Amino acid sequence: MKIRDCARSPMFEDSVKILLLGSGELGKEVAIEAQRLGVEVVAVDRYDWAPAMHVAHRRYVIDMMNSGAVKSVIRRERPDVVIPEIEAISTDALEELESEGYLVVPNARSVKISMNRLELRKFATRDLGLPTTRFEFAENPEDAVYACEKVGFPCLIKPEMSSSGHGHAKVSSPSKDSVVKAYNYAVSHSRGRSRRVIVEEFVDLALEYTVLAYRHLDGERVATEVCDPIEQWRYGEYHYIESWQPPRSDPGVLKRVTEIARRVADGLGGVGLFGVEVFLTRDGRVLFSEVAPRPHDTGLVTLVTQELSEFAIHVRASLGLPAPRPRVISPGASVAIYTDLDNVWSPKICGLREALGVPGVDIRVFGKPSTYPGRRVAVVLARGDSVEEALGKARAAAKLVSIRA
Ligand SMILES: Nc1ncnc2c1ncn2[C@@H]1O[C@H](COP(=O)(O)OP(=O)(O)OP(=O)(O)O)[C@@H](O)[C@H]1O
Ligand SMILES: [Mg+2]
C-alpha cells in the first residue's frame, strides 16, 4: 500500500479521495475524520441524505447489492480508498475492484467472510481454532430440527446473512413446531435469498465486549494493535444499547478477549480497524462471536474516551498513516437512542437543552431523514471520573431526549 506523507486540497488536482460504501452514522464520523485530514469524501448509500452525505463532497444513491452500480460509481470516482461501512454490499464488485488495483479496506475477503455467519464460523473455528458457542448449520426445516437437537435447548437460530439482530429466533422447547417456526422466521429476515441458517447454543451472558483491533502501516511494515476492550450490555435485546470504557473485567479475562481480537484481525489481514465481538458467559467461557471489518456502533464511545477514536484510527490506517495505540484518556459511556415512530420525515430530536446541560454529556444527532420503528437516530456520550459516573450521566441524559413527529 501507498506510504503517504502529504495532503492536498480536496476537490483539486491529485486530492486524496475516500469513497464510503454505506453512509450511516459510523460513516459520518469516518467522513468527518477524513475531512479533518484534508481528504475528499464521496458518500454512497441506498437512500438520499444518509448521515455521511451531509458531510461529504459528493454523494450517490445506488443499490449497493447491485454489482454493476457499485463498480460504475467507483470507476467513475477512482478513489484512493474504498471503505465499506455496512454489510449489504455486493462483494463480487469489491473483489473485482480489488483485482483492478483499488484499495478496499480492510480487504474484500474480510468483508465477504464477516458478512456471512457460515463463512465466519468456518474461519474462526477451522482456520483460527477460536472458542465459539456450539453451533450447527441448516438449510431446510428438517435440518433445523436435527441441528437444534444436536446443539441443545435453548438455542438461537440466525439467518446466514443479517445484521442488528434481524431474524434472530430463540427456541426454548424441542417441539418440532417451534423449531420450524423459528427457522421460517430467520429465513424470512435473511438478506438476499439464502435459506441457510446457523443454530447456536443460547448462552447465558455475563458481559459482552467489542474489541477494536487494527492493522496499520508502521514504517514500511503492517503492525497490529488492540485497543482497551469496550464493554457493552444489551439487556437481553439483540442490538446495541450501552457501552463503556475502560473495561472493569478481570485482567485474565481481558487478556483472553484481547488475544482473540488480535488473531481475528491478523487472520483477516489488510489494513484498517476491526470491531471484534466477544462473549463472556456466566460459566466463565470467553467466546468469539463475530467481527465487523469496520468501526463498530458500540465503539462510538471512543469519541469521548480514547486519544484517537475508532473513526480516526480507521481513516489513518486506510490512508497508510500511522495510528499509534491510543490511551483511554477519560472513563466514558454511550447510550443509543432509538425511535418507535413509523415513516416520520424530519423527526424532531427534542430535549437537547436539558440533556446537554448535564456536565460531561455530548450528543450526536445522526440526521437521518426519516424513521421506522427501531431505527437508531442519535447517541448520548458522557465522560465522568469513573465508568459508573459516566454511565449514570449518559442514562440520565438519554431519558431527557425524546423523538417526535
Ligand atoms: N448464542 C447466543 N447466545 C446468547 N445471546 C446471543 C447469542 N448470539 C447472539 N446473542 C445476542 O444477540 C446479539 C446480536 O448477535 P449477533 O452479533 O450475532 O447479531 P448481528 O445481527 O450481527 O447484530 P449486530 O449487527 O448488532 O452485531 C449479541 O450481541 C448477543 O447479545
Ligand atoms: Mg453482533
Side-chain angles (χ1 to χ4, degrees), residues 22 24-27 84-89 110-111 113-121 123-125 130-138 147-148 150-172 182 185-192 194 196-212 229-243 257 260-261 264 274-283 285-301 310 334 336 338 374-376 379:
E25 55 269 39
L26 306 179
E85 190 251 2
I86 55 165
E87 283 189 3
I89 297 173
S110 300
V111 176
I113 291 179
S114 53
M115 78 192 294
N116 185 305
R117 297 185 203 282
L118 279 64
E119 293 301 320
L120 183 59
R121 276 296 158 123
F123 164 73
T125 56
L130 295 178
T132 65
T133 50
R134 280 197 311 277
F135 67 95
E136 291 290 329
F137 301 135
C148 289
K150 261 187 103 176
V151 166
F153 296 91
C155 58
L156 191 58
I157 303 188
K158 302 176 186 175
E160 175 174 33
M161 287 193 260
S162 77
S163 49
S164 306
H166 287 139
H168 285 24
K170 185 176 175 186
V171 192
S172 303
Y185 176 82
V187 165
S188 70
H189 286 77
S190 182
R191 185 182 312 126
S194 164
R196 283 194 292 255
V197 298
I198 183 169
V199 178
E200 285 184 34
E201 153 198 21
F202 190 91
V203 289
D204 200 2
L205 292 168
L207 195 59
E208 293 188 50
Y209 303 89
T210 302
V211 196
L212 304 173
I230 294 164
E231 294 177 342
Q232 48 145 323
W233 192 238
R234 301 184 177 222
Y235 297 90
E237 302 284 331
Y238 296 126
H239 56 255
Y240 154 45
I241 298 181
E242 289 181 351
S243 65
V257 165
I260 288 177
V264 171
F274 298 84
V276 182
E277 299 175 11
V278 181
F279 293 161
L280 173 66
T281 65
R282 287 201 185 276
D283 56 10
R285 288 183 290 160
V286 174
L287 308 172
F288 167 74
S289 171
E290 59 164 18
V291 55
R294 59 182 72 91
H296 195 272
D297 48 11
T298 57
L300 281 160
V301 73
E310 60 170 351
S334 75
Y338 293 85
R375 192 168 207 191
R376 191 163 58 215
V379 67

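All values below were derived from every heavy atom in this structure, side-chain atoms included, with hydrogens, water molecules and symmetry-related copies excluded. First listed ligand is number 1; within each ligand, the first listed atom is number 1. One is the number of the first residue; the rest follow in order along the sequence. Please read these numbers as outputs of a predicted model, since none were measured by experiment.
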Is there at least one pair of N or O atoms, one from His296 and one from ligand 1, spaced under 3.5 Å apart?
no
Evaluation steps, side-chain hydrogen bond (donor to acceptor under 3.5 Å, both in side chains), between Ser162 and Arg117
CA-CA 9 Å; Ser162 77; Arg117 297 185 203 282; 2.9 Å; yes
From the options Glu277, Arg234, His239, select the one whose nearest heavy atom is closest to atom 26 (O) of ligand 1.
Arg234
Treating Glu136 as the side-chain partner and Val151 as the backbone partner, does any N or O pair qualify as donor plus acceptor under 3.5 Å?
no
With heavy-atom distances below 4.5 Å as the criterion, would you say the side chains of Phe202 and His168 are in contact?
no
Close side-chain approach of Ile260 to Val211, heavy-atom, < 4.5 Å:
no
Can you see whether Thr133 engages Arg121 through a side-chain donor-acceptor pair at a distance of less than 3.5 angstrom?
yes
Sub-4.5 Å side-chain heavy-atom contact between Asp204 and Thr281:
no
Is it the case that the side chain of Glu310 and the backbone of His296 share a donor-acceptor pair, with hydrogens and angles ignored and the cut-off at 3.5 Å?
yes
Should the proximity of Leu205 to ligand 1, defined as any heavy atom under 4.0 Å, be assigned to the side chain, the backbone, both, or neither?
side chain
Per-atom contacts, ligand 1 versus Thr133 - under 4.0 Å to a heavy atom
1 (N)
Checking heavy-atom distances from atom 9 (C) of ligand 1 to each of Glu200, Lys158, His168, Glu290, the winner is Lys158
Quick one: pull up CG in Asp297 and OG in Ser243 and give me the separation to the nearest 0.5 Å.
8.0 Å
No-hydrogen, no-angle side-chain donor-acceptor test under 3.5 Å, Thr210 and Thr298
yes
Side chains of Leu26 and Arg294: closer than 4.5 Å at any heavy-atom pair?
no
Go through ligand 1 atom by atom and flag the ones less than 4.0 Å from a non-hydrogen atom of Glu208.
28 (C), 29 (O), 30 (C), 31 (O)
Atom 25 (O) of ligand 1: nearest protein contact (heavy atom, Å):
Ser164 N, 2.8 Å
Just to be sure I read this right, does ligand 1 sit under 4.0 Å from the backbone of Val203, its side chain, both, or neither, counting only heavy atoms?
both
Gly165 to ligand 1: N or O pair under 3.5 Å?
yes
Number of protein N, O or S atoms [distance to the Mg ion (ligand 2) under 2.8 Å]
3
For atom 7 (C) of ligand 1, the protein heavy atom that lies nearest, with its residue and separation:
Leu156 CD2, 3.4 Å
Looking at atom 13 (C) of ligand 1, what's its closest protein heavy atom, distance included?
Tyr238 O, 3.6 Å
Rounded at 0.5 Å granularity, tell me how far OG in Ser194 sits from CG in Asn116.
7.5 Å
Arg117 heavy atoms within 4.0 Å reach ligand 1 at atoms 18 (O), 19 (O), 20 (P), 21 (O), 22 (O)
Consider every N or O of Ser289 and every N or O of ligand 1, then say whether any pair is closer than 3.5 Å.
no
Would you check whether Tyr240 has a nitrogen or oxygen atom less than 3.5 angstrom from a nitrogen or oxygen atom of ligand 1?
no
With the threshold set at 4.0 Å, does a side-chain nitrogen-carboxylate oxygen contact exist between Glu201 and Arg285?
yes
Hey, what's the ring geometry for Tyr235 with Trp233, parallel, tilted or perpendicular (30° and 60° as the breaks)?
perpendicular
